[in-house]
Amino acid sequence: MNRAIKVSNKDKSFGSLVAKCELLLRRYSASHSLSETKKLHAFILTLGLLSSSDFCSMLSTSYAQCSHASYASHLFDNLPRRSLFSWNTMMRMYVQIGRPHNALNLFAEMLDSDHVAPDNFTYPIVIKGCSDLSLFDMGVGVHGRTLRVGFDSDTFVQNSLLAMYMNAGEKEAAQLVFDLMQQQTVVSWNTMINGYFRNNCAELASRMYNRMMDVGVEPDCASVVSVLPACGLLKNVKLGKEVHLLVKEKGFLENMTVRNALLDMYFKCGHMKEAWKLVNGIKEKDVVAWTTLINGYMISGDARSALVVCPMMQCEGVKPNSVTITSLLSACGSLASLKHGKCLHAWAIKHWLDSEVHVETSLIDMYAKCACGNLSYKLFMKTSKKRTPVWNAVLSGFIQNGLAREAIELFKQMLANDIQPDNVTFNSVLPAYAILADLQQAMNMHCYLVKLGFLSRLEVASILVDIYSKCGSLGYAHQVFNIIPMTEKDIIIWSGIISAYGKHGHGEMAVSLFNQMVQSGVKPNQVTFTSVLHACSHAGLVDEGLSLFKFILKQHHAIPNVDHYTCIIDLLGRAGRLNDAYSLIRTMPITPNHAAWGALLGACVVHENVELGEVAARWAFELEPENTGNYVLLAKLYAAVGRWRDAEKVRDMVNEVGLRKLPAHSLVEVWTTFEQNLIWRLSAGTQVNMWTDHWIPAVQRLADLIPEFLIENRMEDKVVEYVSGSSWNFNLLDNFLEEDWVSILTVIKPLESGVELVPFLRNKSDECPLPRHSSN
DNA sequence: TTAGGGTTAG
């Protein structure tokens, strides 16, 4: 179009042409229209007006306002005289287009020049530039300069400073600037509310909002949008509803951003009814609204519906963005739906979103959760590896795929790469230490946590209690437990220490801790009940266990769950009260699961009750057909009473069921279940040293027998560790494990000598090279 | 000519 350069007859004279150009240039620079500015630029060029400094300057700022950096900077560089306005415009452009370093360079140049000095318009731009580049020290320097040259009381300068300090996480500095302001505008309040929220101080954010309302500052849309996420995080639906009311009064509901923020708040607070009401009221949903909806489904635990939203939004013509893809990938992960996950990956690649850092992280996480560790790791290797969450994703992927040792190695690499670990890192990597149960490594980690000051965090202390417990070091576990002040101890850490003592056979201590917990006012939950009942059953505290069970029923009006019943069945069974256990299993108000029947079966093996054992085994096979352990138990029961043929039948049953790929002799597989169990317990670090004298030669024999199995499970490492390590101090021998161990050896021995494995057990004491330990 | 804002990764 030639509207811009159409020159009427009366404009023929050169002077009026210049005036017209000037006018048009002003108009088009104000409209920020790049195409118009370019046309005008061409026109000025043909008229030979570009030699005029004024035109050059105007064109430069016009290009800057259209964010056309290359033309703007070219013209600006060639200006003989640069006005303050053109400096500011250039700097603002650079900040706006995400090149703050160019803005700061210009600022430095400006300070060096004698012709011009920064004004109150310059400083907010420069401060934002420092903030965007995280150049906090420089920002503080600029703040100092504003004080010196007297711009510190300018509201715009102060508001930029608030934002800068909040971005740098310097809440106190921001608060100080805020308090010293003569006049806080709504922008100042909003910056503080939002800043506190982003700095993990949602409570302060909501208080700030309330203060703003008390002071009588008129809130705007930004105020509402700033406080609503805090309401969501705090699940403060009361404040959320107040804000909603205000939104209605002020007519802010027309604002899409406000509506989306409200929707998100209701979802996060779990007020689905209000959320759906709002969703239904939104006629045209933008991509944020759709994404919030997806997250809403995820919050209510409905990942399947979250995935269905994707085609729905596409039908409405809304294209998912990287946030949408991230949320959808998280849904795929929780459903372990590799098919959908791969589709989304393909979609992300097609739309150039796959290298967006959030998408990358979610992809790594999704593949890990779908048991595609290789893909997950490959993707991780492709990333820039600069951000903590990417490392966290791959770390938790390693743990999910059972690679504890690798996770710890990766964590060390992460530190070597100067990547700062955060809460999530420790939540991801610490379980690896519990799996590995290496006391030395655990202590190293403990030191590191103390150094970083993470130990005071309750969840970190809780997992450290678990780690030390798994390493067999109850003393250290208790020390860590004691670090947390009594008033701050929560149910998790209490359950941790109770279960630690329980696992190590210190039933009395577990019960005593349980009582202390109740006295301290912490209400026990299902997990605590399970831990303490488990402790009783393992320590043979029948009466204590039964009275605790009654306590659960009476004092806490809690409905015992199936795990609690299983503990009691186990407790009665271990004590030889098999009939009581059986009658409980038949009369309990909840359907007994595989664990309950398994507990009964285990007890029947110990007490050699075939009749009941067969009943229990039938149920266990029915409910948990893939667990070879149950078959092993039944075989062992038959073997114990000398019914070899029946034991063999069990072996054949295992073959028929087609459980896993069996090695040379099916029975080896059956019995290696014990060995797997043993490895698990070894890696869990419990009850090991009682065997060390005996089991090393045996393990070596096992290694000859099925080397690939052992290598896979890193048994060799374990052998080395246990041979050389003497830090293990366990004083409990678990009968059950001893039984397992006896069985393994009885299988190995005949195989080793090339003897046919049938009948596999002639006489326990003949076959077993282990001295029988008396239980204690 | 200036400041502040929503949904997201582990």
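Quick caveat: nothing in here was measured; it's all calculated off a predicted structure. All values below come from the heavy atoms of this structure, side chains included, with hydrogens, waters and symmetry mates left out. The chains referred to below are lettered A, B, ... by the order of the sequence lines, with proteins before strands, and numbering in each begins at 1.
- Contact of the Met414(A) side chain with the Leu410(A) side chain is not registered, since no non-hydrogen atoms from C-beta on lie closer than 4.5 Å.
- Arg457(A) pairs by the side chain to side chain donor-acceptor pair (under 3.5 Å) definition with Asn423(A), Glu459(A), not counting sequence neighbours.
- A straight line from CD1 of Ile127(A) to P of dT1(B) spans 20 Å, rounded to a whole angstrom.
- One can place CE of Met90(A) at 14 Å from C1' of dT1(B), the figure rounded to the nearest angstrom.
- For Tyr94(A) and His101(A), the ring centers sit 6.0 Å or farther from each other.
- The cationic atom of Lys385(A) (NZ for Lys, CZ for Arg) lies less than 6.0 Å from the six-membered ring centre of Phe380(A) and within 45° of the ring axis.
- The distance between atom CH2 of Trp290(A) and atom P of dT8(B), rounded to the nearest whole Å, is 18 Å.
- Within the 4.5 Å cutoff, side-chain heavy atoms of Leu430(A) are placed close to those of Ile467(A).
- Computed from coordinates, the Leu363(A) CG to dT8(B) C1' distance equals 13 Å when rounded to whole Å.
- With a 4.5 Å cut-off on side-chain heavy atoms, Asn260(A) and Thr257(A) do not count as touching.
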### Query
How would nucleotides 2-7 of chain B be written as a contact map, 5' to 3', with B for base contact, S for sugar-phosphate-only contact and - for no contact, using protein heavy atoms under 4.0 Å?
BBBBBB
